[in-house]
Engineer: 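Have a look at the structure that comes next, please.
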Amino acid sequence: MLQTNDRLRAIVFGKQSLNKDPLPENNDFLELAQEFPGEIEWKIYDHCATVMRLYAIYERFVEDLISEWLQLLPELISSYSDLDETIQNTHREGIGRLLIYPKKIRFEDPENQNLSIYYKKVVQGFLAAISDHEKYELLPEIFIFHEQNLRKDALVELFTKAGIEKAWEWIIHHRQIKYFIEQVRGNQNTAEAELQQFIHYRNKAAHGAINEILGIQELLYLADFVEALCQALAELVTYQILLKKVSIGQAQKVGRVTEWFKKQKAAIVIVENISLSVGDKLFLVNEESSYCSLTRIESIQIDSQPRNEVKIYSPTEVGLKFNIDTRKGFSLYLIN
């Protein structure tokens with residue numbers, strides 16, 4: 001859309017504009033061109049629409065991601081009393097805030113209930129949770145409540161209150177964030193400063209005068225940064241879910257990559273106590289590199305002989321070809 005609008009401006013306002021070189025058979029477009037906004041006003045509109053929409057996408061993504069994590073937690077930790085103390089404190093304080101200041105909590109009512117019925121369900125659910133009588137429920141609207149824009153500190157606080165610590169450390173070591181800072185920004189900026197600048201643009205677009213209009217390429221870079229940030233956060237939550245599944249026996253670490261051949265997308269891995277088949281899916285994980293991605297096995301070899309499936313009991317070197325890149329030292333996890 002940005003590139004299309006930029007090309008339209010070039011047609012209307014450029015050296016070979018329609019006003020200077022009209023096309024006889026293009027009367028409808030010529031009439032429309034007379035109603036186009038001025039070039040600067042059009043660029044301001046594109047700038048504001050882009051940064052505000054990107055922030056809305058970023059904020060909603062964070063809220064949805066944390067909500068999905070909280071909805072999954074009761075399946076990973078069956079007893080409310082076994083939850084991290086930070087989660088329990090946030091839950092209790094949030095319920096109190098909700099009951100006292102209902103207008104501060106963004107309340108979505110898919111069943112068209114009135115607030116009194118909703119409050120009754122909230123209180124009954126909380127009593128059941130702290131009594132460990134029933135399967136508990138964590139209300140996402142309590143955890144995702146925030147009054148500040150999601151700069152670094154506010155973002156980290158949201159994840160910490162939901163039981164996910166060191167979110168920023170994960171972000172800055174993620175491969176897409178590192179690529180953006182190193183290759184796009186030439187190491188002239190940091191992830192924190194990039195996020196701060198993005199929110200500055202958003203606030204100016206929403207509430208202030210526009211003194212700086214970003215060009216098309218810079219707006220596209222901004223979109224790339226938001227995409228990288230969301231990808232890093234998604235992998236962080238996936239990793240946390242995977243760790244919880246390991247702790248309750250729903251997933252297991254089955255091996256590690258000892259060699260990686262980038263061109264072939266093939267790895268030498270040491271695995272044990274596992275059955276593998278072509279087409280199986282595994283998680284490739286490395287906490288230091290902020291990496292947690294699902295991969296598919298495209299081929300298997302043992303002693304240079306192709307296999308469709310193998311059963312491994314003791315530590316064994318296996319050649320596996322994946323559909324994504326990995327690295328030496330990465331771990332392999334299997335969901336049971």
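Sequential numbering from 1 along the given sequence is applied to the chain's residues.
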Engineer: Would you say Ile171 and Phe159 make side-chain contact, with heavy atoms under 4.5 Å?
Structural biologist: no
Engineer: Please determine whether the number of non-hydrogen atoms from other residues, nucleotides or ligands lying under 6.0 Å from atom CD of Gln264 exceeds 12.
Structural biologist: yes
Engineer: If you count every heavy atom of other residues, nucleotides or ligands that lies below 6.0 Å from Arg256 atom CZ, does the total exceed 12?
Structural biologist: no
Engineer: To check you understand the geometry: which heavy-atom pair defines the closest contact between Ala251 and Leu242, and what is its length?
Structural biologist: CB-CD1, 4.0 Å
Engineer: List in chain and number order the residues that pass salt bridge (charged side-chain N to carboxylate O under 4.0 Å, His left out) with Lys244, two or more places apart in sequence or in another chain; answer none if no residue qualifies.
Structural biologist: none
Engineer: How about Leu222 and Tyr55: do any of their side-chain heavy atoms sit closer than 4.5 Å?
Structural biologist: no
Engineer: For Asp303, is the CG atom crowded, meaning more than 12 foreign heavy atoms sit under 6.0 Å from it?
Structural biologist: no
Engineer: Between Asp46 and Leu219, which heavy-atom pair has the shortest distance, and what is it?
Structural biologist: O-CD1, 4.4 Å
Engineer: Is there a donor-acceptor pair closer than 3.5 Å between any side-chain N or O of Glu141 and the backbone N or O of Leu139?
Structural biologist: no
Engineer: If the condition is salt bridge (charged side-chain N to carboxylate O under 4.0 Å, His left out), which residues does Glu68 pass it with, not counting sequence neighbours?
Structural biologist: none
Engineer: Got a list of side-chain donor-acceptor pairs under 3.5 Å for residues 320-328, not counting sequence neighbours?
Structural biologist:
| unit_1 | atom_1 | unit_2 | atom_2 | d |
| --- | --- | --- | --- | --- |
| Asn323 | OD1 | Thr295 | OG1 | 2.9 |
| Asn323 | OD1 | Arg296 | N | 2.8 |
| Asp325 | OD2 | Lys262 | NZ | 2.9 |

Engineer: In chain order, what residues pass the salt bridge (charged side-chain N to carboxylate O under 4.0 Å, His left out) check against Glu182, with sequence neighbours excluded?
Structural biologist: none
Engineer: For residues 197-207, dump all side-chain donor-acceptor pairs below 3.5 Å to protein atoms at least two apart in sequence or in another chain.
Structural biologist:
| unit_1 | atom_1 | unit_2 | atom_2 | d |
| --- | --- | --- | --- | --- |
| Gln197 | NE2 | Tyr201 | OH | 3.3 |
| Tyr201 | OH | Glu212 | OE2 | 3.3 |
| Asn203 | ND2 | Asn149 | OD1 | 3.1 |

Engineer: Any pair with a residue in residues 228-254 that passes ring pair (Phe, Tyr, Trp, His ring centres under 6.0 Å), sequence neighbours left out, goes on the list, sorted by first then second residue, please.
Structural biologist: Trp170-Tyr239
Engineer: Hey, what do you get for CG (Leu72) to NZ (Lys245), rounding to the nearest 0.5 Å?
Structural biologist: 6.0 Å
Engineer: Is it the case that atom CD in Glu317 sees more than 12 heavy atoms from other parts of the structure closer than 6.0 Å?
Structural biologist: no
Engineer: Applying salt bridge (charged side-chain N to carboxylate O under 4.0 Å, His left out), name anything that partners Lys152, two or more places apart in sequence or on another chain.
Structural biologist: Glu192
Engineer: Can you see which heavy atom on Thr90 is nearest to which on Ile142, and at what distance?
Structural biologist: O-CG2, 3.7 Å
Engineer: Write down the atom of Ala191, the atom of Ile172, and the distance for their closest heavy-atom approach.
Structural biologist: CB-CG2, 4.2 Å
Engineer: Given Val62 and Leu155, is the side chain to side chain contact (heavy atoms under 4.5 Å, CB included) satisfied, shown in steps?
Structural biologist: CA-CA 8 Å; Val62 169; Leu155 178 67; 3.9 Å; yes
Engineer: Closest heavy-atom contact between Leu83 and Leu73?
Structural biologist: CD2-CD1, 4.2 Å
Engineer: Considering only Ile, Leu, Val, Met, Phe, Trp and Tyr, and joining two whenever side-chain heavy atoms are under 4.5 Å apart, list the other residues clustered with Ile268.
Structural biologist: Phe261
Engineer: Return a table of donor-acceptor pairs under 3.5 angstrom between the side chains of residues 223-234 and protein atoms on other chains or two or more places apart.
Structural biologist:
| unit_1 | atom_1 | unit_2 | atom_2 | d |
| --- | --- | --- | --- | --- |
| Gln231 | NE2 | Glu235 | OE2 | 2.9 |

Engineer: Does any N or O in the side chain of Trp69 come within less than 3.5 Å of the main-chain N or O of Val237, such that one atom is a donor and the other an acceptor?
Structural biologist: no
Engineer: Take Phe143 and His91 through the test side chain to side chain contact (heavy atoms under 4.5 Å, CB included) and record every step on the way to the result.
Structural biologist: CA-CA 7 Å; Phe143 288 83; His91 190 221; 3.8 Å; yes
Engineer: Give every residue pair that meets the ring pair (Phe, Tyr, Trp, His ring centres under 6.0 Å) criterion with at least one member in residues 263-290, sequence neighbours excluded.
Structural biologist: none
Engineer: Should Leu150 and Ile57 be counted in the same cluster of Ile, Leu, Val, Met, Phe, Trp and Tyr side chains packed under 4.5 Å apart?
Structural biologist: no
Engineer: To the closest 0.5 Å, what do you measure between CD1 (Ile300) and CD1 (Ile312)?
Structural biologist: 9.0 Å
Engineer: In a table with atom names and distances, give each donor-acceptor pair under 3.5 Å that connects a side chain of residues 329-336 to protein atoms at least two apart or in another chain.
Structural biologist:
| unit_1 | atom_1 | unit_2 | atom_2 | d |
| --- | --- | --- | --- | --- |
| Asn336 | OD1 | Gln252 | NE2 | 3.3 |
| Asn336 | ND2 | Gly249 | O | 2.8 |

Engineer: Could you tell me which residues satisfy side chain to side chain contact (heavy atoms under 4.5 Å, CB included) with Asp153, sequence neighbours excluded, listed by chain and number?
Structural biologist: none
Engineer: Ignoring hydrogens and geometry, is there a side-chain-to-backbone donor-acceptor pair from Ser277 to Asp280 under 3.5 Å?
Structural biologist: no
Engineer: Ser290 and Arg175: which non-hydrogen atoms are nearest, and at how many Å?
Structural biologist: O-NH1, 3.9 Å
Engineer: Considering residues, nucleotides and ligands other than Arg53, do more than 12 of their heavy atoms fall under 6.0 Å from its CZ?
Structural biologist: no
Engineer: Following the transitive rule for hydrophobic clusters with a side-chain heavy-atom cut-off under 4.5 Å over Ile, Leu, Val, Met, Phe, Trp and Tyr, establish whether Tyr45 and Ile213 coincide in one cluster.
Structural biologist: no
Engineer: Give the cluster check for Tyr221 versus Tyr58: same hydrophobic cluster or not, with ILVMFWY residues linked at side-chain heavy-atom distances below 4.5 Å.
Structural biologist: yes
Engineer: Keeping Glu194 on the side-chain end and Asn189 on the backbone end, is there a donor-acceptor pair under 3.5 Å?
Structural biologist: no
Engineer: Rounded to the nearest 0.5 Å, how far does CH2 of Trp168 lie from CG of Leu236?
Structural biologist: 12.0 Å
Engineer: Quick check on Gln148: does its CD atom have over 12 non-hydrogen neighbours (other residues, nucleotides or ligands) under 6.0 Å away?
Structural biologist: no
Engineer: What distance do Ile95 atom CD1 and Glu93 atom CD have between them, rounded to the nearest 0.5 Å?
Structural biologist: 11.0 Å
Engineer: So if you build clusters from Ile, Leu, Val, Met, Phe, Trp, Tyr with side-chain heavy-atom gaps below 4.5 Å, do Val269 and Val278 land together?
Structural biologist: yes
Engineer: When rounded to the nearest 0.5 angstrom, what is the spacing between CD1 in Ile181 and CG in Asn187?
Structural biologist: 8.0 Å
Engineer: Could you walk me through whether Tyr136 and Ile77 satisfy the side chain to side chain contact (heavy atoms under 4.5 Å, CB included) test, starting with their C-alpha distance in whole Å, then the side-chain angles of each, then the deciding distance to 0.1 Å, before giving a yes or no?
Structural biologist: CA-CA 10 Å; Tyr136 63 91; Ile77 303 175; 3.9 Å; yes
Engineer: State the CG-CD1 distance between Leu195 and Ile177, to the nearest 0.5 angstrom.
Structural biologist: 9.0 Å
Engineer: Taking Ile248 as the starting point, is it possible to reach Val246 by hopping between hydrophobic residues whose side chains are less than 4.5 Å apart?
Structural biologist: yes
